[in-house]
Each structure stands twice: as structure tokens, then as C-alpha cells.
Protein chains: 2
Amino acid sequence: MANIKDVAERAGVSVATVSRVLNGNSPVAETRERVLAAVRELGYRPNNVARALRTARTGALGLVISDLTNPFFTELADAVEDAARSLGYSLVIGNAGERPEQQDDYIRTLLDRRIDGLLVSSAGTGSAMLREVVASGTPLVLLDRTVPGIDAPCVRADGRAALTDLAAHLAALGRRRPAIIVAPAGTPTGDERLELFRAALAAHGIPLPDERVGASLDLQHTGGRRVMSDFLDLPEPPDAVLATDNLMALGAMDELRARGLRVPDDMALVVYDDVPWFAHTDPPLTAIAQPTRDLGRAAVQALLERIEGRPAATVLLPARLVTRHSCGEPVTEQPVGGPANRQSADGPASGRPGDEPAAGRSADGSAPGRNVGRPATEQSCDEPTTGRPRGGSPTV
Amino acid sequence: MANIKDVAERAGVSVATVSRVLNGNSPVAETRERVLAAVRELGYRPNNVARALRTARTGALGLVISDLTNPFFTELADAVEDAARSLGYSLVIGNAGERPEQQDDYIRTLLDRRIDGLLVSSAGTGSAMLREVVASGTPLVLLDRTVPGIDAPCVRADGRAALTDLAAHLAALGRRRPAIIVAPAGTPTGDERLELFRAALAAHGIPLPDERVGASLDLQHTGGRRVMSDFLDLPEPPDAVLATDNLMALGAMDELRARGLRVPDDMALVVYDDVPWFAHTDPPLTAIAQPTRDLGRAAVQALLERIEGRPAATVLLPARLVTRHSCGEPVTEQPVGGPANRQSADGPASGRPGDEPAAGRSADGSAPGRNVGRPATEQSCDEPTTGRPRGGSPTV
DNA sequence: AGGCCCTACGTAATCGATTACACGGCGGCC
DNA sequence: GGCCGCCGTGTAATCGATTACGTAGGGCCT
């Protein structure tokens with residue numbers, strides 16, 4: 001591959017001139033054309049490695065994601081990638097698979113690669129490497145999950161409003177024995193969701209006793225299923241369950257189906273994370289939608305602030321309740337074909353310009369360009385009021 | 001951050017010696033300890049950028065994936081990442097989002113970054129940049145999708161056996177009017193799947209007329225739904241539909257549900273790509289499982305061959321039919337909780353330890369560590385023979 | 001006309017590693 | 001005892017860019 005020296009020779013100038021023409025740092029006139037011609041003829045492309053060495057900027061960001069196969073994180077990663085790209089950065093990605101050692105491994109590799117900044121949705125709460133990252137001075141932004149003792153801004157969703165709405169929703173529907181499936185003990189995210197939910201329920205005089213708080217053994221299908229099973233074996237089983245992660249929700253649903261129980265008749269079910277296919281299940285699931293793409297964008301934004309030397313603050317973006325049919329009474333609706341909060345992207349650095357139809361209340365639920373030639377599924381196929389006419393099985 | 005010179009000074013040796021100690025190139029004795037001590041005390045880590053400039057090897061692979069939010073590609077990306085990592089490579093990832101220009105953009109960026117090798121699951125068939133890649137001499141391996149005119153090995157799944165089995169399955173169940181939803185016209189993958197399916201059906205005397213071949217306008221939910229709608233409006237609608245992509249299948253299911261049609265009673269449905277949650281739908285979907293993780297591993301493998309100067313051949317790994325309940329008669333089963341073909345890896349290039357039992361025939365369907373204390377869902381919740389006892393809605 | 005400044009460009013240092021080559025010391029061999 | 005070769009190490013070139021600094025030439029002012 002041609003290098004800058006080849007270009008210089010062909011254009012009959014020095015390498016400095018070539019560099020200047022290409023970077024536009026110094027105004028260059030007449031030779032400019034000769035240089036550009038040489039570049040074209042040789043198909044020259046600057047070597048980013050050399051440039052990075054000299055400038056101490058690689059133009060790459062690192063992302064260590066807790067579990068890439070978890071749809072929530074997939075979307076998050078996608079949003080991050082999108083935002084990074086639109087700002088001219090490449091993304092080096094690492095999947096920790098919820099294993100803290102692997103996470104540390106990755107962080108080390110990324111540091112060695114001298115990425116310009118690091119985004120981490122941490123698996124586990126006590127990471128030695130994270131401490132090293134802040135010590136090294138590499139800009140760091142935490143994503144979705146806080147890590148106690150790490151001094152870095154964290155971008156995540158605030159579930160308070162959604163959980164408040166959810167508590168009201170459940171209370172209105174007469175559910176008196178709610179339960180919650182949370183992440184393994186000690187996870188900040190899990191603890192927080194539990195406390196918020198409990199407080200929100202308390203406002204309606206509904207208790208959330210410890211026996212109806214199930215800590216899953218993992219953030220997977222298996223753990224969620226196990227907890228649901230335990231709930232169902234209780235002398236007085238819950239009449240509503242909130243699963244605080246989509247994979248755990250999947251397991252919970254399987255357990256319900258395995259026992260021949262029906263949603264929402266026998267059990268109301270609400271899931272955290274509104275992954276695309278939740279809108280396509282039967283019944284469509286009521287979910288707490290995190291503004292995933294906005295989180296990704298905001299995180300990259302915050303990271304750039306830090307890279308450019310400015311301070312960046314922690315960002316809390318509101319999650320919201322997307323009421324579908326898995327608790328009984330349908331209330332508001334989303335268009336079929338995508339979960340809520342899937343926002344079309346706009347300018348590279350945009351925050352959240354006029355996009356959401358203010359919290360879950362779009363009039364007819366049909367977005368332009370979707371449902372081509374068809375009425376919205378959820379309207380046309382689902383029971384008009386309460387009760388379940390076709391008596392379908394619980395299903396996913 | 002400390003550099004090699006700092007280490008050299010502290011250890012009282014030259015930089016060359018430090019480098020040799022660290023790379024083990026030359027046997028170094030007594031000074032060795034001093035150097036290692038200095039490295040430890042300074043927390044020195046070699047700068048990969050500088051090393052890459054000097055050695056012309058970055059230790060990074062590029063992956064340009066057609067659509068990261070498509071679960072099939074998510075899993076593929078995850079497998080690639082896993083394999084790359086275990087071989088000491090980092091992964092720079094780019095999501096083309098099925099947009100050829102964006103794909104070219106990414107490829108250019110990756111080339112500029114001097115990645116050691118490139119993996120591409122191409123969106124679109126005529127990529128100018130791909131041609132440049134081979135011209136540049138950067139090792140290239142195509143993933144899942146061939147690109148005519150590009151001289152590079154391609155790693156993908158072979159659907160012949162699966163489609164043959166599927167044709168037999170459908171014939172045995174008395175389905176005489178099959179249909180297929182394929183990718184937009186001209187996609188090699190779509191064309192191939194169509195031809196194989198048609199040939200397989202012909203062996204049973206079942207025709208696949210053009211009116212029951214629906215080319216989707218995109219590889220998304222919307223396109224699949226539209227095609228299913230057209231099928232249903234036919235004077236003689238099909239009695240079985242194969243959707244050749246999981247997102248299109250989702251749309252097809254929505255359309256069925258919207259019309260109040262039931263699977264498998266009113267329509268048999270088979271999907272290409274066995275994404276995790278297909279095993280959790282009601283009824284569980286019969287699917288064609290591509291050996292996703294193996295594909296990822298094989299691709300990285302092949303890429304390494306090329307990087308190391310050896311030739312690499314195209315790899316075809318067999319997909320297989322996972323018979324569940326969406327065509328009627330249940331036949332074989334998979335354990336709940338994971339799609340088929342999620343194979344446990346071997347050796348250092350391993351994916352996840354102790355995962356699935358051998359290919360889809362475990363006696364009771366319960367893998368150790370899963371379904372704790374419960375029988376397998378699909379056995380316990382589904383109708384024993386044919387017909388649908390609870391008369392549930394089609395559902396996802 | 002001379003001094004100054006600005007513009008356009010070249011020379012060379014620099015980033016942090018790897019590595020070819022040189023060199024001193026020492027043991028073995030004849 | 002002298003020569004050869006090897007071992008351990010240092011010196012310096014190198015990868016391909018960016019950029020501080022120097023310089024020549026031209027325009028403008030006094």
C-alpha cells in the first residue's frame with residue numbers, strides 16, 4: 001500500500017506538504033492539486049496506526065457489554081455503535097458474557113490498544129480493572145449499570161416513573177399480591193428496581209413482602225424460570241409478577257406455560273426491557289421500556305465530553321410503562337412491529353428532539369410506514385375489553 | 001503511562017533488552033529479573049499502537065455484519081467475537097444495517113485501521129469496496145452470504161439436508177400447497193434456498209408454483225408480513241409457509257394472528273434461523289437451525305489461515321431441521337431454553353462450556369442445570385398428538 | 001530601498017515499539 | 001596461545017504519520 005512518502009515523491013513535494021494538504025491545517029495552493037492527483041492515482045489512504053501513534057488518538061472507542069446475546073444489550077450495543085460511527089469513531093467491542101474476569105480481560109486489552117474512551121456495562125460490581133482505568137486517565141463512562149466506588153459518570157434509565165405507573169396500573173386492576181424477580185443479590189440495578197417498585201406499591205397500600213421477592217441465580221432464562229416456580233409453589237402465590245430482565249421473563253413465561261397457567265387470567269406479567277418481539281407475543285406483554293437508543297447515544301455523548309476534557313455528569317433517562325395486555329385491561333397501545341422507544345435517529349449529536357409521543361399515549365398507535373396495508377395487529381386481533389374470548393393458552 | 005524507555009532506565013538496561021525480555025525472542029538471563037521487576041513496579045504495558053506500526057500487525061480483526069439487531073446475526077457476531085478473542089484478536093465491529101453504502105464506509109475505515117483480516121456478511125451483492133479489499137491483499141472471508149465476483153472463501157450453512165427433511169416432513173403431514181417467503185429478488189441466499197426447497201418438494205411430487213413464492217421487499221418484519229398477507233389473499237392460499245429469515249417470520253406470524261388464523265391448524269409455519277425464543281412460542285416453531293456458533297468459529301478459523309498465508313477454502317456447514325409443533329405432528333424435540341445447534345465448543349477456541357447436549361435428541365429434553373425441578377416445558381405443556389386441545393390463538 | 005511579515009514549503013524530530021547489526025567477553029578447540 | 005563462535009547486550013534504523021521550526025520569496029509600508 002502506498003504511503004505518504006510515495007505520494008510526496010510522485011507529487012514532487014515533501015511529506016509535510018502532503019500531510020498539510022490532507023489535513024487542511026495549513027492553507028496550501030498550487031501544489032494542492034498535484035498532491036491530490038497523486039493521492040488519487042496511487043489510491044493512497046493514510047495509515048491510521050501511524051497517525052494514532054503520533055497524535056495519541058486512535059479514533060476508536062471501546063465497548064464492553066455484559067451480555068451481547070441479551071436483546072436489551074444488543075440494541076444498546078447497536079445504538080452505541082451507531083452513535084460512535086456518526087461521530088467518526090470506530091468501535092472495538094467486547095462481550096463479557098456476564099463474567100467479571102472476562103470483562104477485566106477485555107478492559108486490559110482495550111487499554112493496551114489505546115482506545116480513546118471506554119464504555120462499560122459492568123458484569124459484577126467489584127472490578128479491579130475499572131479502578132485501573134480511572135487511574136490510567138482513560139475516559140470512562142458506565143452504561144446501564146453503576147459500579148460502587150468507581151468515579152465515572154453513568155448513563156442509565158430511571159425506572160421511577162414507570163414503576164409508579166405500573167403500581168397504579170396493577171392496583172387499578174385489582175392485583176393485590178405482586179411479586180418481583182430480580183437479579184442476583186447485591187446487583188445495584190436489581191436492588192434499585194426492587195426498592196422503587198416496593199415504594200410505588202406502598203403508595204397504594206400494597207405490600208411487597210420478602211417471600212414475593214425472588215432473586216434469580218443468574219440473569220438468564222433458567223434463573224427466571226426457577227423463581228417463578230418457587231412463587232407458584234407458595235401457599236399464596238402472587239397474582240402479578242414483574243420480571244426485571246427480559247431473559248428472566250422468558251423463563252418465567254415458560255414456567256407458567258408448563259403449568260398450564262394463563263396470562264393475564266391466572267397471572268399478570270410485566271417485563272423490564274421492551275425487546276422487539278414482546279409486542280408480538282400473545283397476549284402482547286406490558287413492559288417497561290428503557291430508552292435504549294437514547295441511552296446509547298447519551299453514553300457516547302458523555303464519553304466524548306470526557307475525551308475532550310470537559311466534565312460529564314451522570315445521565316438518567318426515564319423509562320416508561322408500555323401498557324399492553326398481559327395484566328388484563330388494555331389501556332394504551334403501541335404500533336405493532338417495534339417496541340416503544342425505538343426512535344428514529346437524527347443529527348449526530350442529538351439528544352432527544354421531538355420524538356416520543358409523550359409517554360405512551362399515541363392516539364391511534366399506527367406509525368407511518370409501518371403496518372403496510374393492514375390495520376395494527378394488536379387492535380385487530382385482540383379482545384376488545386377484558387376477559388379472553390378465545391381462551392388461548394398463556395403462551396409466550 | 002510508562003513506556004519502554006522508562007522501564008529500560010529503571011532496570012538500567014537498554015530498550016532492546018526490555019523488548020527482548022518481554023517478547024522472549026532472545027534468551028536473557030540475569031537482567032531478566034530486573035526488567036520484570038521494573039515492569040511490575042511501573043505497571044508498564046506495551047503500547048499496541050506502536051507495536052502495530054512496527055510489526056504491521058494490529059492484532060485486530062474487522063467484522064462487518066449485515067444487521068446486528070437481527071438475532072441470527074447477533075449470535076453470529078457473538079460467536080465470531082468469542083472465537084477471535086480466544087485466539088488473541090480483538091474485534092472491531094461495524095453494523096451495515098443492510099445498507100450497502102454504509103457497509104462500504106465501514107470496510108474503508110477498517111482498511112485504514114489496518115486490521116489483520118476482515119469478515120463480511122455482505123448487504124447487497126455488488127460492493128466496490130470488497131473488490132478493493134481483495135486488491136489490497138487484506139485477508140478476507142465472507143460470512144453467511146456469498147458475493148458474486150469476489151474471490152474469497154465463504155463460510156455459510158448448507159440448507160440442502162434440512163430442506164430435504166422439511167419437504168418430507170410436510171409431505172408426511174399432508175401439506176400439499178407449500179409457499180416460501182424469500183429475501184428481495186437477486187439475493188444469492190434467497191435464490192438458493194428457494195431452489196433447494198423447490199427441488200426437495202419435487203421429489204415428493206409437490207409443486208412450488210411462482211404464485212407461492214413471495215419475495216419480501218426487505219429482510220424485516222414488515223416485508224414478511226406483507227408477503228403472508230398476499231398469500232392469504234390468494235384464491236387458493238398455501239397450507240404451509242417457510243419464511244427464510246427470522247424477522248420475516250415474525251411479520252408472517254403477526255399477519256396470521258391478525259386474521260385470527262391458527263398455527264398449525266390453519267397454516268403450517270417453518271422458519272429459517274432458530275433464534276432462541278422460537279423454542280418458547282406457542283406452539284413452539286419448527287425451524288431450520290443454522291450452526292451459528294460453528295459458522296462464526298469456522299469463519300475466524302478460515303480467516304486465520306489466510307492471515308498466516310495459507311489458502312482457505314469455502315466452508316459449508318449443514319443446517320438441520322428442528323421439528324417442533326408448528327406443522328402439526330410433533331416428532332423430535334429440543335430441550336427448552338436454547339435453540340438447536342448451539343454446540344459446545346472444543347479446545348481453546350471454545351464458546352461456552354457445558355451447554356447443549358448433543359444434537360437434539362436428548363431423551364427427556366432436560367439438560368443438566370436447566371429446568372431445575374421441572375419437566376421440560378415443551379413436553380408438559382403441549383398437546384400429545386395432533387390437534388390443539390386448548391384451542392389457543394395462533395400466537396407468536 | 002530596506003525592513004517586516006506572511007505565505008508556502010522543506011527539514012527533521014517525534015510518537016513507542018521491534019530488530020538488524022555491532023561489539024565485548026569468554027569458553028572451547030586445535 | 002590464537003582463533004572462532006556464541007551469548008548477552010547496546011546502538012541505531014525503521015514503521016508512517018504529524019508538526020515545530022527554519023527559510024525563501026514576495027508584497028507592502030515607510
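- Comparing Ala50(B) and Ser14(B) by the nucleotide of DNA chain D whose heavy atom lies nearest to each, the residue mapping closer to the 5' end is Ser14(B).
- No side-chain donor-acceptor contact under 3.5 Å links Thr58(A) and Arg113(A).
- The distance between atom CG of Leu53(A) and atom C1' of dC15(D), rounded to the nearest whole Å, is 9 Å.
- No donor-acceptor pair closer than 3.5 Å links the side chain of Ser90(B) to the backbone N or O of Ala60(B).
- Put simply, the side chain of Arg114(A) and the base of dG16(C) share no donor and acceptor less than 3.5 Å apart.
- Where Val15(B) and Val18(A) meet DNA chain D, the nucleotide closest to each residue was compared, and Val15(B) sits on the side nearer the 5' end.
- Atom CG in Leu22(B) sits roughly 16 Å away from atom C1' in dT9(D) (whole-Å rounding).
- At dG10(C), one or more side-chain N or O atoms of Thr17(A) fall inside 4.0 Å of OP1 or OP2 (strictly under the cut-off).
- Between the CG atom of Asp6(A) and the C1' atom of dG16(D) there is a distance of 11 Å, rounded to whole Å.
- Looking only at atom types and distance, the side chain of Asn95(A) has a donor-acceptor partner in the side chain of Asp78(B) under 3.5 Å away.
- Atom CE of Met1(A) and atom C1' of dG16(D) are 13 Å apart (whole Å).
- Atoms NZ (Lys5(B)) and P (dA13(C)) sit 14 Å apart, rounded to a whole Å.
- Side chain Arg54(A) to base dT14(C): a donor-acceptor pair is found below 3.5 Å.
- The separation between Glu9(B) atom CD and dT9(D) atom C1' is 17 Å, rounded to whole Å.
- In this structure, Ile4(A) places its CD1 atom 14 Å from C1' of dT11(C), rounding to the nearest Å.
- Note: CZ (Arg34(A)) to P (dA8(C)) measures 14 Å, nearest angstrom.
- At the heavy-atom level, Val49(A) lies nowhere under 4.0 Å from the strands shown.
- Comparing dA17(C), dT18(D), dG16(D) against the side chain of Asn3(A) picks out dG16(D) as the nearest.
- Residue-level contact check: Thr55(A) touches the backbone only, with heavy atoms under 4.0 Å from sugar-phosphate atoms and none from bases.
- At least one side-chain nitrogen or oxygen of Asn23(A) sits closer than 4.0 Å to the OP1 or OP2 atom of dT18(D).
- Between Asn47(A) and dG16(D) there is no side-chain polar atom (N or O) within less than 4.0 angstrom of OP1 or OP2.
- Thr187(B) and Thr189(B) are not linked by any side-chain donor-acceptor pair at a separation below 3.5 angstrom, with hydrogens and angles left out of the test.
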- prompt: Should Arg108(B) and Asp105(B) be marked as a salt bridge (charged side-chain N to carboxylate O under 4.0 Å, His left out) after you check the CA-CA gap, both sets of side-chain angles, and the distance that decides it?
  reply: CA-CA 5 Å; Arg108(B) 176 162 304 259; Asp105(B) 229 61; over 6 Å; no
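- Between dA17(D), dC21(C), dA17(C), one nucleotide has an atom nearer to the side chain of Pro46(A) than all others, and that is dA17(D).
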